[in-house]
Amino acid sequence: MSINLRYFASLKEVAGRPEDNLTYTDTLTVHEVWKRANPDKSLPGNTLTAVNMEYVDFDFIVKDGDEVAFFPPVTGG
Amino acid sequence: MSINLRYFASLKEVAGRPEDNLTYTDTLTVHEVWKRANPDKSLPGNTLTAVNMEYVDFDFIVKDGDEVAFFPPVTGG
Amino acid sequence: MSIQIRTAAFDPYQEIQTYRNAKTGNTGALGATGIFIGTMRDFNEGAAVKGMTLEYYPGMTEKQLEKIVSEAQRQWQIIDSLLIHRVGDIFPNETIVLVAVWSSHRGDAFDASRYIMEALKSKAPFWKKELLGTGDERWVANNTNGYKSE
Amino acid sequence: MSIQIRTAAFDPYQEIQTYRNAKTGNTGALGATGIFIGTMRDFNEGAAVKGMTLEYYPGMTEKQLEKIVSEAQRQWQIIDSLLIHRVGDIFPNETIVLVAVWSSHRGDAFDASRYIMEALKSKAPFWKKELLGTGDERWVANNTNGYKSE
C-alpha cells in the first residue's frame, strides 16, 4: 500500500521536504505515518493533520492511496 | 419664564404642531409641561423626552429658556 | 472620526474610499476594518414599502451620534471611524446608514461597529415613516434588538 | 456565494461593488451588509514587518472555506456572501482577507461575517511567514481569539 505525504509551513522545514511517498504493508495511524517517514524527528505537539483534505486525529488509520498532510496551527485572515 | 417646545414624528401629529412656546411662573416637570401645553391630550406612554438635546425623565424640572422635546421611540439605522 | 448626516443618496463604498484616501500617516497600524451598511428594503413587517421619509432632530441627532462614537472610542482601541446617516426621502436599495471602524485588531473593529449601530438604533433621534405599496403611510413603531438574530 | 483565493493585490471595495453589481433580482430584500477587511500591518508582536508570505494548501483550503460558509448559511439567514483571501507575497497596507455578508436583518450580517472570520482564522489552512525589519523571517505562531478584544 502507498500513501502520499504533504508538509506545510514550518512542518515542511522540520521534515526537510514538501512531500513524500510512503509504502507500507501493516496498519498505520497518522502518527505512525509520521514516525515511519521521519524516524529521526519527533512530531511537534501542536501539529494539525489532515487525510484527503479533512482534519483528522493523530490516531486516524490511513488507507491505500490517502493523502496525509502535516502542518502547524493555521494563521490566515 | 418661557420655554420652547418641539414635537417630532408621531408626537408632532398628536400635538398637532411642530413647535410651541410656553410661558409659566411656577415649577414644572417635563410631564407637566406637556399637560400645560396639551391640556386635552394625554402623553403617549412610550414617549421620549429631551431637554436642551439631552435625554431626561418625565419628572425632570425645566428652567427658563430650555428647549423641551417630545418624540416617540427612535427608529433610525 | 467623522459623523455626517446626508440629505442625498450616497454610495457607501465611494464614501469609505474617499474618506480614507484623504488620510495620511499611521496606515501601517490598520489591521482591521469593520463595516456595516444598512439599506432600505422594499418590505417591512409583512407589507410592501415604496419609499420612506426619515425625520431627525437637527442638533440633538448629531450630539447623540457624537456621544455614541465617543463611547465606542472609550471602550475599544479605534484608529478611525466614519458614520453617515441619511435623512429625508429615501427609496428601496438606497443606503440608510454606513458605519466603518478601523483598528489594529479585528475584535475592536467588530465590537465597536456593532456597538455604534445598536446604540444608534436605540438612542439617535431618527424616525422612519414608510410609504406602503397600498399608498398608506405609517410610522415605524420600534427598532428591534440587533444583537439577537431575527 | 463566492469564495476566491487570490495571488495578486486587490481593492476590497472594488471587489464588493463588482460582485454585487453583477447580481440581479431580489435586491429589495437586502437590508444589511456586514463587512470585514483584514489588512497587513507593518508591525506584529512588537516587531516591524516589511512583508509576508502566505502559504496555503490548494484544495484543502478551498474545501475548508466552503464548509465554513455553508455552516454560516445554516446558522443565519444569509442572502449572499463574498469571501476573498490573498496568498503569496503580501506587503503592508494590502488586503489579506475580505468577508462580506448580505442579509435582510442586521443581526445575521454581523453574526455571520464574524463567524466566518473566526472560523477561517482557526480552521482554514493558511500560514503566514513574516519578513521582519531586521531581515529575519519568522512563522506567525498562532492566531488569537477575535471574539475577545485584544
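Residue numbers start from 1 in every chain, and the chains themselves are labelled A, B, ... in the order their sequence lines are given, proteins ahead of strands. Values below: all heavy atoms of this structure, side chains included; hydrogens, waters and symmetry mates excluded. Since we're looking at a predicted model, the values are computed, not measured.
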- request: Count the heavy-atom pairs under 4.5 Å between each of D/Arg86, D/Gln64, D/Met117 and chain A, then report the option with the highest count.
  value: D/Gln64
message: Less than 4.5 Å to any heavy atom of chain D: does that hold for the side chain of A/Asn46, its backbone, both, or neither?
response: neither
query: Would you find a donor on one side and an acceptor on the other, under 3.5 Å apart, between the side chain of D/Tyr56 and the backbone of A/Gly76?
result: no
field: Shortest non-hydrogen contact between D/Ala124 and A/Tyr55, atoms and distance
entry: N-OH, 4.3 Å
task: Check each atom of D/Lys63 against the heavy atoms of chain A and say whether the ones under 4.5 Å are side chain, backbone, both or neither.
output: side chain
message: I need the residue from A/Lys12, A/Glu54, A/Glu67 with the largest number of non-hydrogen atom pairs under 4.5 Å to chain D.
response: A/Glu54
query: Does some side-chain heavy atom of A/Pro73 sit less than 4.5 Å from a side-chain heavy atom of D/Trp139?
result: no
- prompt: Side chain, backbone, both or neither: which part of D/Ser122 has a heavy atom under 4.5 Å from chain A?
  reply: backbone
- request: Anything under 30° is parallel, anything over 60° is perpendicular, the rest tilted; go ahead and classify A/Phe8 against D/Trp127.
  value: parallel
- request: Might you work through the side-chain contact (heavy atoms from CB on, under 4.5 Å) test for D/Glu55 and A/Phe71, ending with a clear yes or no?
  value: CA-CA 11 Å; D/Glu55 186 175 336; A/Phe71 47 82; over 6 Å; no
- prompt: Donor-acceptor pair, D/Lys129 side chain versus A/Ser10 backbone, under 3.5 Å?
  reply: no
statement: Minimal heavy-atom distance between A/Thr75 and D/Asn142, with the atoms involved, is CG2-N, 3.8 Å
task: Check each atom of D/Lys67 against the heavy atoms of chain A and say whether the ones under 4.5 Å are side chain, backbone, both or neither.
output: side chain
message: For D/Met60 versus A/Ala50, what's the shortest heavy-atom pair and its separation?
response: SD-CB, 3.5 Å
